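Notes for the one structure printed next.
The structure displayed is predicted, hence computed values, not measured ones. First the proteins, then the strands, lettered A, B, ... as listed; each starts at 1.
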2 protein chains.
Amino acid sequence: MSADSREALSGGDETKQGAGGDEAGGKSSLQRGLAILRLLASSNETGARLTDISRALDLTPPTVHRLLKILVEERMAEVDKATKRYRLGIDLFGLAAQAGNPNNLRDICRPILLRLSATLRDTIFLLVRSGFDAVCLDRSEGPFPIRSFTGDIGGRVTLGVGQGSLAIMAFLHAEEREEVIRFNLPRMQGVGIIDEVYLRTEIARVRDLGYASRSTGLLPGMSGVAVPVLDRDGHAVAALSVGTISERLNEERLPVVVDILKRESAAISRQLNPFDPVLRRPAAILGGGPA
Amino acid sequence: MSADSREALSGGDETKQGAGGDEAGGKSSLQRGLAILRLLASSNETGARLTDISRALDLTPPTVHRLLKILVEERMAEVDKATKRYRLGIDLFGLAAQAGNPNNLRDICRPILLRLSATLRDTIFLLVRSGFDAVCLDRSEGPFPIRSFTGDIGGRVTLGVGQGSLAIMAFLHAEEREEVIRFNLPRMQGVGIIDEVYLRTEIARVRDLGYASRSTGLLPGMSGVAVPVLDRDGHAVAALSVGTISERLNEERLPVVVDILKRESAAISRQLNPFDPVLRRPAAILGGGPA
DNA sequence: CAAAAGCTTCCGATATGCGGAATAGATGGG
DNA sequence: CCCATCTATTCCGCATATCGGAAGCTTTTG
């Protein structure tokens with residue numbers, strides 16, 4: 001299953017090197033350390049041993065050893081003393097909990113995702129733009145028994161591939177959209193729309209309808225609908241997306257789903273950039289710690 | 001409100017330096033880079049400028065600049081071009097989403113936390129042990145209007161301070177517990193139980209009752225109840241904890257709350273370490289990406 | 001029990017990261 | 001409008017932290 005995921009989500013690592021492969025990015029120890037963290041993230045089910053890392057990143061064992069030692073001290077990584085396997089450490093939680101893109105988008109959307117997944121019974125994704133990719137910021141799985149397990153939190157898709165990213169692209173600033181199209185067209189080899197004219201037509205259509213829905217043919221039998229989440233200027237800050245089997249998005253049900261998505265998206269927009277930028281979280285009265 | 005949080009949660013940085021202060025930890029650039037990330041996490045509401053970081057960590061601007069450049073390239077940090085303020089980057093999501101302590105504890109507990117916060121109407125915390133501290137792995141806020149805003153995800157408390165960590169301590173291996181007591185007693189200056197004999201009595205009591213509940217006097221008017229989450233061997237892997245105002249944990253309601261917590265804790269235990277270690281997540285059938 | 005593979009420590013050479021100083025840019029006040 | 005001040009960025013020589021080979025030590029494998 002992991003293989004499928006990788007394929008659909010474009011690896012996640014090959015940002016610039018393209019053909020190169022799996023070198024440990026740059027040469028600074030900070031970069032190397034982060035590369036190790038990334039590797040640990042990708043092998044988290046099982047954990048990774050020192051030599052695994054050493055080989056995968058093309059670093060000598062002593063180097064990896066020293067970096068890991070630091071990472072463990074800093075609690076960014078952990079060792080299972082018994083198996084000598086390394087995994088990600090607990091302090092990453094503390095960081096990621098604060099790493100909201102525009103403010104607390106994720107927190108704001110969390111209850112809405114839950115509502116949506118309960119109502120629509122399918123898995124809901126929250127995507128945001130990051131450079132020339134869309135990133136899965138959060139997701140909530142619905143009870144429907146056939147579920148999509150690609151699109152892990154943190155996973156990246158090339159902007160333009162998939163309904164969610166189309167929804168985002170359609171509501172970018174015009175110049176930004178041009179930039180993205182220029183940059184991404186060459187990257188969309190095999191997946192997504194590779195014909196520029198067709199891509200522009202699609203984007204116009206999405207912009208017109210206010211939602212994106214079409215089987216991109218990524219995986220036969222699966223379809224998706226997505227609506228943008230707009231800021232006050234009408235530009236996309238994110239997208240809400242549903243992925244499910246095509247049968248569940250037929251002519252009858254699709255308009256209903258779109259309608260619900262649009263309503264929730266509007267609810268999110270209303271909470272974004274509130275007029276008072278200070279009190280973004282609900283009013284705190286008193287604190288007691290984890291009791 | 002941030003000040004309160006810091007006070008109650010023991011800063012989060014002063015691991016060994018004690019009196020030292022806010023130096024950027026060790027001297028490796030990896031450590032410095034991570035220190036920057038930590039700083040960004042703590043100032044995420046507003047973001048931090050280069051000189052802020054420079055001053056706070058006692059690093060020269062060029063150094064900070066170079067490190068930040070790397071972090072931004074690696075998407076661990078982001079710059080708001082307009083305000084020149086730095087915040088945490090989106091790739092931390094990808095890391096943290098995988099950084100589950102024992103496997104997917106957090107994912108497993110998420111729905112349970114939600115249920116609990118809805119049922120009990122108060123904020124529920126999920127705590128795990130990390131070294132000599134307890135760490136807030138997740139939390140779910142209940143609708144009750146007086147809420148606790150300390151205990152951010154990723155926040156740390158000295159093991160022994162608060163009901164959640166007592167619940168964990170009471171169900172550790174005996175040797176480990178001794179080690180924790182030895183190490184933590186000196187750290188519990190002013191907060192928590194500073195008398196060893198009393199601490200041991202309390203722990204025994206918690207072990208006996210199967211839950212911890214007593215106002216530690218951390219914040220007047222606030223109380224908490226916590227139950228351990230046990231693994232197959234009966235040792236604590238985590239704790240579920242409710243924090244609320246003391247009135248809501250009176251003699252009448254307390255047993256009810258404890259009962260509910262215990263039931264949910266047992267439900268979690270059942271899902272931990274399943275006999276088949278492979279299929280930890282619910283069965284995936286097909287993937288479609290974020291559609 | 002021997003052999004192999006993995007982990008850890010040591011240490012010298014060198015590349016890497018550091019910070020002072022100078023430049024460029026932004027901000028605000030006179 | 002221009003100057004003063006603060007901040008961000010670039011440059012460069014020095015020093016040091018980092019690297020990796022080699023060797024000891026531990027664990028796994030056959």
Rounded to whole Å, the CZ-C1' distance (B:Arg49 to D:dC6) equals 9 Å
_Under 4.0 Å from OP1 or OP2 of D:dT7: is there any side-chain N or O of B:Arg85 that close?_
no
Practice prompt. Check for a donor-acceptor pair, side chain of A:Arg156 on one end and backbone N or O of A:Thr158 on the other, with a separation under 3.5 Å.
Written response: no
- Electrostatic pair B:Glu74-B:Lys69, nearest N-O below 4.0 angstrom: no
Sorted by chain and residue number, the side chain to side chain donor-acceptor pair (under 3.5 Å) partners of A:Thr63 (sequence neighbours excluded) come out as A:Thr60
Between CD of A:Gln31 and P of D:dT18 the distance, given in whole Å, is 14 Å
From CG of B:Leu67 across to C1' of D:dA8 the rounded distance in Å is 15 Å
Rounded to whole Å, the CG-P distance (B:Leu50 to D:dT7) equals 10 Å
Between A:Tyr86 and A:Leu30, the residue closer to the 5' end of DNA chain C by nearest nucleotide is A:Tyr86
Per-nt protein contacts along nucleotides 19-29 of chain C (heavy atom under 4.0 Å; B base, S backbone sugar-phosphate only, - none) come out as BBB--------
In whole angstroms, the gap separating C1' of C:dC7 from NZ of A:Lys81 amounts to 13 Å
Whole-Å distance, A:Lys27 NZ to C:dA15 P, equals 10 Å
TODO: Using atom types as modelled and distance alone, determine if a side-chain donor or acceptor of A:Ser165 lies under 3.5 Å from a backbone N or O of A:Gly160.
DONE: yes
Whole-Å distance, A:His65 NE2 to D:dG21 P, equals 17 Å
Separation of D:dG20 atom P from A:Leu57 atom CG, nearest Å, is 12 Å
A side-chain contact here means heavy atoms from C-beta on lying under 4.5 Å apart; do A:Leu92 and A:Met76 qualify? yes
- In plain terms, say whether A:Asp138 and A:Arg106 are close enough for a salt bridge, that is, a side-chain N and a carboxylate O under 4.0 Å apart. yes
Item to check | Side-chain N or O of A:Thr51 closer than 4.0 Å to phosphate OP1/OP2 of C:dC7 | outcome: yes
- prompt: Is the shortest distance from a Lys or Arg side-chain nitrogen in B:Arg187 or B:Asp133 to a carboxylate oxygen in the other one below 4.0 Å?
  reply: yes
